Every structure is written in C-alpha cells, then in structure tokens.
Number of protein chains: 2
Amino acid sequence: MSGAQKSSERSSIDEAATRKRGRSLAALGYTKPQTYEELRAVLSSGTVHFPKRLRQVAIFLWQHPSDVALGTIAQVAEQAGVQPSTLVRFAQIFGYAGFSDFQGLFKDHMKGSWPERAGAERTAEPNANLHFLNGMVGASQASLGRIDNSFDIESFDRMVALLAEAELIYVIGSKRAFPVTTYLSLTLSQQGVRNVLVDNVGSTALDQVGCIGKRDAVLAVSFSPYNSITPDLVAVAHERKARIVTITDSTFSPLVKLSDIWLEVVESDFAGFRSLAASLAVGMALVHGVVARRTE
Amino acid sequence: MSGAQKSSERSSIDEAATRKRGRSLAALGYTKPQTYEELRAVLSSGTVHFPKRLRQVAIFLWQHPSDVALGTIAQVAEQAGVQPSTLVRFAQIFGYAGFSDFQGLFKDHMKGSWPERAGAERTAEPNANLHFLNGMVGASQASLGRIDNSFDIESFDRMVALLAEAELIYVIGSKRAFPVTTYLSLTLSQQGVRNVLVDNVGSTALDQVGCIGKRDAVLAVSFSPYNSITPDLVAVAHERKARIVTITDSTFSPLVKLSDIWLEVVESDFAGFRSLAASLAVGMALVHGVVARRTE
DNA sequence: AGCATTTTCGAACATGATTTCCAATTTCCA
DNA sequence: TGGAAATTGGAAATCATGTTCGAAAATGCT
C-alpha cells in the first residue's frame, strides 16, 4: 500500500496499489465493517497481515477502545506511539475516508453499551409501525436497564420506611406521571394501604392536599419539564409539615428541595414518546416494600 | 452574568460580573469541579439557580452523560435544544474556559467506568427490596420481550387504520388498564387526535359511551380477570354500531367477540404485581401510527 | 408600565483537528 | 546485495469545531 501520489504517474501506481489492496480484502470476503463488532471480527480473523506500525495500531485499538472513542486523533496517535497519518492509513484500509469516520465505530459501540441506551438496539424494520414499536420497546428496555448497580437502594429503603409509617399516603402526579400514580394508588388500595389519589377532578387537588397532616405522607411523581401543578401541590404539603418522598428524573426538579427523600428514575423516549416502564417497576417495588414492612 | 466584552469599559464590567458570579460560587464553598461527581454534587446541591436555557442544559447533562462525552459541541447543543454558545456559557459558570475543557469531565467519567478500567463491581448485598425491584424489572423485560417476530403486525396495522378514520376515539379501560388508558388519552390529545377518556368520574361512564356513534371508535384496554365495567361499556358501544378495537391479554376476554379487531398483549407479573410495560409500548406505537396515517 | 439587567441566539472569527502529500526510511524479493 | 516497492513520519494545507461578541429578546424590579 502506497500513500504516495505525485502526479498522473503516481496516480496510476496508486490505483494499482489500491486495487491490489482492495482485492486482497474483497478476496477475503470482507466488506467495510459497519460496527465495532464487525471490525473486531476482521482483526481477530488472523487473515490480515499488518506491517509494523499498523499492527501497533491494531493492538492499541483492540486493547483501548474507550481511549479511541474519546480521544482526538492526535491523542490516540500519541498513546499508540504512531503518527496521526498512520491512523488515517489504517482507517483507509477498511474503506473509511479518514480516521474520524472510523472512530465513529468506537463511539457508537460505547454509546450503545452505556446505561442510557442499553437495550435500545433492535433490528431495523421495513414496516413503519413495527419500526416505531421496536423503538418504543427499546426505549422501555433502556429505561429498565438504568436500574442497575448505581441504583440508590439506600434512599429507596428509607422511602419504604417513611411511607410505611404514614397514616395516609397522598399520591400526587400529573400529565405523564398520572398513569404511574393511578397504578400506585390502585395497588396500594388493593394491598390495604390507605391512600388518596390526588387527581384534580373538579379542580379540587389543592383542597385535597389542604387536608394533609403531619402524620401523613406524600408520594409524588414528577418528570421534566416539571411544569404541572404537582410542585404547587407538594409545596402545600410541605407547609403543612407532611413527610414527602418523590420519584423524579433529575436533581433539577422543584420537588427535590421540598422532599425528605427523593429517588431518580430516568425514562428514555423514542421519537418524543416517553417510556414509563422503569417508574412503574420502581413504584410497584415501593408498594410491595411498604406492605412487607407493615406486616413485619 | 454577562458574556459581553466590548472594550476596556466592557472589560471592567465583565470583571465585575465575573467577580460577582465568582463570589457567588466561592461564597457557597464551591471550587471549579474537577470530576464529574463533583459537578453532580454542585448541581444537586440545589443552591444554584439557573435561567431557562441553562437549566435545560443542566437537565440534559444530567440525563445524557454519554452523549455529552462523545459528541461535538454542535451535536450536544442540538440534542439539548440550545445554542452552542449556551453550552459555553454553562461551562464558564463553573470556571471552565470553554465547553471542550468542561466536556473532559464527562470523558474522564466515561473512561473511568469502562470495562478496560472498571474497578471491582459492587458486591450484591442481600436486600429484600432490591430483590423485589429486580424481579419487577425482570417481569417488565419479559413482557417487552414478547413483542418479537410473532407479534401480530397485521392486526396492529388494521387497528391503526381503523382508529385513524374515526371521528372521535373513546378510550376505555378500568382498574389495572386505567394507567394505560390515561397515557393513551394524554398522548392522543398531545398529538391533536380527538378522544374521550372514559374515566367514570361521577359514575358517568355509561352516559359518556351512550353518546358514541357510527363514525366513532372505541380503543379498549382490558386485562384478566375482565371483571371491571369495561365489558359493559364496550357492549353499549357495540350496540350503537361504533367500531371497536381492543388490546387485551387473551382470547377469553369478553371484549374479543365485541371487537372488530383485537390485539393480544400479555404482561408478566412478579409476586402478584403486574407489569404494564408492553401495553404502554404498544399503546404509544398505536398513537404514533394513527398520527402518521392522518398526516399522509 | 417603563426601565434596567440578564439571558439568548447566531454570525463572524479564531483555533485546533484532520487530512494530504512527499521525502526519507524500511522491507521484500530476485 | 541491489533495486523496487512498501511503509513511515511529519510539514503544510484544508476543514471542522469551538469561542467570542453584540443585537435582540426575555426577565425582574420599582
């Protein structure tokens, strides 16, 4: 392989070299790898011989994919102990125009494995409706996938304890949180836990919450952009000295500073439609926890 | 905070503004966050107020750290729905010269968490609440997992077509199906699709459905043991010649023989608590399909 | 309601990153 | 061993990205 191209003379030499290399990869049955996994498959097949520096690159890429994804070409080159142009040449062997395109394989791989998106990959689907459905399923899976090692089990346990002690639980949530609160209220009721679903029928939400007392608790659910009446309702409960626990999707929720305990549950969306899968799972676990604790 | 700097005059004004902001953060005991975790701590302290766009940035950074780490400022800005300069301003509030420096926090965080370098995983501790939560997550995932190759896409497409033609959609569901129908009604409304959520407030469900006509449609959701008022409501709609589509979890539902089209969505449970994840995903896909079809 | 201040957006400019190209060096083959 | 071909390194050119700055818009206060 020659990187040189001096004139029409060099141009014809380069074409010959490109054809030679092109034939070599095509003859081996490989096309331009579209994913990190495909790239790894080619590299590990053992059928591609690399000269010294390119081999060095291959080893580095294999062993340090996150550095490759996150660094600039200059940084990666330095870490790998080669020149930036060597990285470009490496990428071009695989049919990429330059290193940045090639680096996208590593970025996509990293994104796909990160909790935000884990499970989001589903097969492409020619039917538009099915495509959307798969996307929605993926978003739901991604949301559930965030419930992992970093889940704040300590706050969760404390929420369970607090709610278990409450005389009456006011369940508050609007708009997108409302399906979650209706399910919470239903399951709490079915389990014999006294609760009030604050549903604002007849615009009476403020009046309902106006009856909350010190021995009661609020279980609030709220998602960004936090522009429902839920913050106002919770503020009333706060003034009346009720205990407050909140499920919300970021620290910026106005409910956070009103709450004794809060728990972060983030939902993914697909094309603007939001999952509720994780919130519902957490909600059910809360209800179950409260019941378990009260029957100890 | 002013980003403006026009001359020595502006320079002194800018210094004053910078000092003001600097004093504000310094007075709160915060120095320039050196790690992603420190940044999160500052953001979640609740003591920093953000105007509209900066708050939007904060929420995005909080919820999408991998996108922030792996994207260019232009990409991140687009995803967050702000201008690139807004991201720069955000970074400067925290003492960074520009966004790229600031982005390093996210890159370092991501590198630190990647398997190449990940430390020991947290040892699982026995915790009943966590056990239940993981069970609930598993049930939700199992429910979503059923949406696979055997999904009845034909009936789904026909349901979409039927609903898209309806003049008014009556959304009917009770008890465990109610969270699904409230979400359906909300998203239909948000998408400009006329619908009535039959919620039986004031025990008026039968009266609401009593108004349904031939050009209207019912979207019913019903789960076993089918002992809610939903079958009665749907029977009224059937008598009045409305078109009826149903999401239910078996062929034994009394709604099946009243429906023009029906779709089976089965939810798993854990210890008696039922997932709703699959029904919600299918519901959102229905709403999206109706909207798409009406805009063709 | 009016005005001062703050925030925002986006065009212009600056900077850094990426790619190209070629001379020097290394490798391979007869 | 000598010569052809391949590989490499690095400077220059090009491109893309990041930052600055100011007018317009929004917000807050009296």
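From a predicted model like this one, the values you see are computed outputs, not experimental measurements. So that the names make sense, note that chain A is the first sequence line, chain B the second, and so on, each numbered from 1. The basis for the numbers below is simple: all heavy atoms, side chains too, and nothing from hydrogens, waters or symmetry mates.
Each salt bridge (charged side-chain N to carboxylate O under 4.0 Å, His left out) pair with one or both residues in residues 233-243 of chain A, not counting sequence neighbours, appears once here: R243(A)-D260(A). The salt bridge (charged side-chain N to carboxylate O under 4.0 Å, His left out) pairs that include a residue from residues 170-181 of chain A number zero, where partners must be two or more places apart or lie in different chains.
For F50(A) and dT27(C), the CZ to P distance is 17 Å, given to the nearest whole Å. Rounded to a whole Å, the CG atom of D101(B) is 12 Å from the C1' atom of dG16(C). Between Q92(A) atom CD and dC21(C) atom C1' there is a gap of 12 Å when expressed in whole angstrom units. One interatomic measurement links the two molecules: CD1 of I73(B) to C1' of dT20(D), which rounds to 12 Å at whole-angstrom precision. L54(B) has its CG atom 13 Å from the C1' atom of dC9(C), to the nearest Å. Taking atom CZ of F99(B) as the reference point, atom C1' of dA17(C) lies 17 Å away to the nearest angstrom. Rounding to whole angstrom units, CD of residue Q103(B) and P of dG16(C) are separated by 15 Å. Rounded to an integer number of Å, the gap from L87(A) CG to dT20(C) P is 14 Å.
Residues K52(B) and Q75(B) both approach DNA chain D. Their nearest nucleotides, taken by heavy-atom distance, put Q75(B) toward the 5′ side.
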Please list each protein N or O that sits under 3.5 Å from an N or O in nucleotides 9-11 of chain D, with the distance.
unit_1	atom_1	unit_2	atom_2	d
dG9(D)	OP1	R53(A)	NE	2.6
dG9(D)	OP1	R53(A)	NH2	3.2
dG9(D)	OP2	T86(A)	OG1	3.3
dG9(D)	N7	S85(A)	OG	3.3
dG10(D)	OP2	Q83(A)	NE2	2.8
dG10(D)	N7	S85(A)	OG	3.4
dG10(D)	O6	S85(A)	OG	2.9

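R40(B) is linked by a salt bridge (Lys or Arg N to Asp or Glu O under 4.0 Å) to E264(A), counting only residues two or more places apart in sequence or in another chain. Residues passing the side chain to side chain donor-acceptor pair (under 3.5 Å) test with H109(B), sequence neighbours excluded: E37(B). For R53(B), the salt bridge (Lys or Arg N to Asp or Glu O under 4.0 Å) criterion is met by no residue, not counting sequence neighbours. When the side chain to side chain contact (heavy atoms under 4.5 Å, CB included) test is applied to D207(A), the partners found at least two apart in sequence or on another chain are T204(A). Legend: residues meeting side chain to side chain donor-acceptor pair (under 3.5 Å) with S100(B), ordered by chain and number and at least two apart, are absent.
Axis angle across the helix from dA1(C)-dT30(D) to dA30(C)-dT1(D), with five pairs used at each end and values rounded to 10°: 40°.
For the 3.5 Å distance criterion, the side chains of T35(A) and D108(A) fail to qualify, holding no donor opposite an acceptor.
Ring centroid separation for the pair F132(A) and F273(A) comes in under the 6.0 Å cut-off.
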